[in-house]
Amino acid sequence: VTAADRAAGLVAWWVEAYTRHLPDEVAGRRRAEVDSDLWEQRAAGRRAWLVAFSILRRMAAGMPADLHWRHGQLAAARGRLLEPRARPVLAALARNWWLVAAALVGTAEVVAGIRMALAGDNPVIGTGATARTGTTTGSGILIAAAGLLLLAGIAWRRRSPTVAGTLIAAGAFPAMLLLLSAALPAAYRILLVKPPLGGAGLLLLGLLLVYVRLRRPVRRPPPYRGRR
Amino acid sequence: MRRRPGTLVPLEVDILDAGLALRRFHGFQLAKTIAGHHGRPGTLTAHGTLYKALQRLEDAGLLASRWEDPDLAAAGGRPRRRLYEVTGAGEHALAAWRAQQHDRAQLRPRLGPT
């Protein structure tokens, strides 16, 4: 066993690692192609250590591309689970589920905000207060405005992902408070709205989540259409 | 960074260029040809970069590929090769890219240094 063989073994291990859990056809093709390449390079090389060095350099330099390729293949495989031609609505939902969820949250906020402003129902810290007061009216208007912000963010996402992400995160703020209030015991619910740092932290977390979601890489490369 | 559709990156130009010269080729042969063309025979394109670009070009219809006959590989005592060929669309894309470069080169002296 030469140094080149050991290097080839290491590359084979790496290829095995990054093709794991990919569809058999895709993974098999990549493994076979790299296997053939490694064989050809060892057959063509004269000094084993020089070949080993070249093989290792090629592996290391190609690692980012390997990982990016894996990411794309996984995304494509997930897309194929729902055959677009057979079930277009389900396939579209699978791709855009988070937008659908965000739209539902936005709509719910608008409806709840209007209800709160008109009837005094408080969805954030409990439904105990049912009488309409200045506070509930103001809060209701704010929640409805947040819902509208969220819906505006969805509509804006193709123009500017950053602006859209900010609008969606800011708009989702009341819904996040509601979810957390449901998860916390009643005695601690007031903590969600009282300390400004807690609220700011939630807002930042929301921003981060939406930003990560919007900045995901494109699933498929654009097709070539010749010279423009 | 998102790429403008229809453009070719330097590696893709190299692949199409070398592919047209070789007519039918496999990955390692291509890497060797490209390295030789750049005057650095020891610096072969990384596996990940090369095979990802080959697949991208194939998906775009600029290359076509098929597995080598297993009997041939067995006779040679080696793994099967994936054999690629540049398609008509690939040839056209390369010609278009060259024409674009030529136009730009001609335009540059008229505009002057920027």
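In what follows, chains carry the letters A, B, and so on, assigned in the order in which the sequence lines appear, proteins first and then strands, with residues in each chain numbered from 1. These figures come from a predicted structure and were not determined experimentally.
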So which bits of residues 14-26 of chain B come within less than 4.5 Å of chain A, counting non-hydrogen atoms only?
His26(B)

Are there residues of residues 52-61 of chain A that reach to under 4.5 Å of chain B by heavy atoms, and which ones?
Ser54(A), Ile55(A), Arg57(A), Arg58(A), Met59(A), Ala61(A)

Measure distances from Ala31(B) to the heavy atoms of chain A and classify the residue's part below 4.5 Å as side chain, backbone, both or neither.
side chain

If you look only at pairs with a residue in residues 30-39 of chain B, which of them pass as a salt bridge (Lys or Arg N to Asp or Glu O under 4.0 Å), with sequence neighbours excluded?
none

Once rounded to the nearest 0.5 Å, what's the spacing between atom CE of Met63(A) and atom NE2 of His47(B)?
11.0 Å

NZ on Lys52(B) to CG on Leu67(A), rounded to 0.5 Å:
10.0 Å

Does any backbone or side-chain atom of Thr45(B) lie under 4.5 Å from a heavy atom of chain A? Answer side chain, backbone, both or neither.
backbone

Non-hydrogen atoms of chain B under 4.5 Å away: do they reach the side chain of Arg29(A), the backbone, both or neither?
both

Closest non-hydrogen contact found for Trp69(A) with Gln55(B) is NE1-OE1, 2.7 Å

More than 12 foreign heavy atoms under 6.0 Å from CH2 of Trp49(A): is that the case here?
no

Which residues in residues 36-47 of chain A have a heavy atom less than 4.5 Å from any heavy atom of chain B?
Ser36(A), Asp37(A), Leu38(A), Trp39(A), Glu40(A), Gln41(A), Ala44(A)

Given that the side chain runs from C-beta out, which part of Val11(A) has a heavy atom under 4.5 Å from chain B: side chain, backbone, both or neither?
side chain

To the nearest 0.5 Å, how far apart are CZ in Arg80(B) and CD in Glu33(A)?
11.0 Å

